[in-house]
Asker: 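Encoded as structure tokens, here's the structure I'll be asking about.
Since the structure is predicted, the reported quantities are computational estimates derived from the model, not experimental observations.
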Amino acid sequence: VFLILAAHEIRSLPERAGFLREVYRSLKLDGTLVVVEHLRDFQNFLAFNFGFFHFFSRSSWLSLFKDTGFDNMTEIKHTPFISIFILKKNGNVT
């Protein structure tokens, strides 16, 4: 499953968590979720000014991934502005 610059548009944390739980549930045991997002960080502040508040912090994404069952993760900084999170289903049912 690919979520490219879109997951942050689910503004409600409970709805975002529910969505990712459903993605987790839907993946095969060896399935992969790829999340590509801007982060609420200094680089995106420079690019978007106060618009960077529309994004979520790295720590909030990591917490959400863990809370929804994804604990096998690789993070790639594609550009100073874009982060890619590659998440594997860990085999646990949540």
Asker: Within the 4.5 Å heavy-atom criterion, are Val34 and Ile84 side-chain neighbours or not?
Answerer: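 The answer is yes; the side chains approach within 4.5 Å.
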Asker: Nearest 0.5 Å, what's the NZ-CZ distance between Lys77 and Arg58?
Answerer: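 Separation between the atoms: 9.0 Å.
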Asker: Are Ile76 and Phe85 connected into the same hydrophobic cluster when the rule is that any two of I, L, V, M, F, W, Y join if their side-chain heavy atoms are below 4.5 Å apart?
Answerer: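 In one cluster: no.
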Asker: If you count the non-hydrogen atoms of other residues, nucleotides and ligands that lie under 6.0 Å from NZ in Lys66, is the total more than 12?
Answerer: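 Incorrect, the count does not exceed 12.
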Asker: Of all heavy-atom pairs between Phe55 and Leu39, which one has the smallest distance, and what is that distance?
Answerer: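 Closest pair (atom of Phe55, atom of Leu39, distance): CB-C, 3.8 Å.
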Asker: Look only at the side chain of Glu75 and the backbone of Ser83, and say whether a donor-acceptor pair between them is shorter than 3.5 Å.
Answerer: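 No; judged by distance alone, with no hydrogens or angles, the pair does not exist.
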Asker: If you group Ile, Leu, Val, Met, Phe, Trp and Tyr by side-chain heavy-atom gaps below 4.5 Å, do Phe2 and Leu5 land in one group?
Answerer: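 In one cluster with Phe2: Leu5, yes.
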Asker: Using the rule side-chain hydrogen bond (donor to acceptor under 3.5 Å, both in side chains), only one of Asp71, Asp30, Thr32 pairs with Lys88; which is it?
Answerer: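 So the option named by the test is Thr32.
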Asker: Leu87 vs Phe65, test: side chain to side chain contact (heavy atoms under 4.5 Å, CB included). Steps then yes/no.
Answerer: CA-CA 8 Å; Leu87 306 142; Phe65 297 149; 3.8 Å; yes
Asker: Apply the ring pair (Phe, Tyr, Trp, His ring centres under 6.0 Å) test between His38 and each candidate in Phe48, Phe56, Phe45; give the one that qualifies.
Answerer: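 Of all the options given, the one that passes is Phe48.
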Asker: Holding to side-chain hydrogen bond (donor to acceptor under 3.5 Å, both in side chains), I want the full list of residues that pass it with Ser59, two or more places apart in sequence or in another chain.
Answerer: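 So Ser59 forms a side-chain hydrogen bond (donor to acceptor under 3.5 Å, both in side chains) with Ser57.
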Asker: Would you verify whether the NZ or CZ of Lys89 falls within 45 degrees of the ring axis of Tyr24 while also being under 6.0 Å from that six-membered ring's centre?
Answerer: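 Cation-pi check for Lys89 and Tyr24: passes.
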Asker: Identify the two heavy atoms, one from Arg21 and one from Asp67, that lie closest to each other, and give their separation to 0.1 Å.
Answerer: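 Minimum heavy-atom contact is NH2-O, 4.0 Å.
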Asker: Go through the steps for Ile82 and Val36 under the test side chain to side chain contact (heavy atoms under 4.5 Å, CB included), then give the verdict.
Answerer: CA-CA 7 Å; Ile82 300 287; Val36 180; 3.5 Å; yes
Asker: Taking the side chain from Ser26 and the backbone from Glu22, do they hold a donor-acceptor pair closer than 3.5 Å?
Answerer: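 Such a contact is found between Ser26 side chain and Glu22 backbone.
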Asker: Could you give the side-chain donor-acceptor pairs of residues 12-20 under 3.5 Å, partners two or more places apart or in another chain?
Answerer:
residue: Ser12; atom: OG; partner: Glu15; partner atom: N; Å: 3.4
residue: Arg16; atom: NH1; partner: Ile10; partner atom: O; Å: 2.5
residue: Arg16; atom: NH1; partner: Arg11; partner atom: O; Å: 3.3

Asker: Going through the distances and angles, do Phe42 and Leu46 end up as a side chain to side chain contact (heavy atoms under 4.5 Å, CB included)?
Answerer: CA-CA 6 Å; Phe42 183 69; Leu46 293 177; 3.4 Å; yes
Asker: Can you see which heavy atom on Phe52 is nearest to which on Asp41, and at what distance?
Answerer: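 Minimum heavy-atom separation between Phe52 and Asp41: CD1-O, 3.5 Å.
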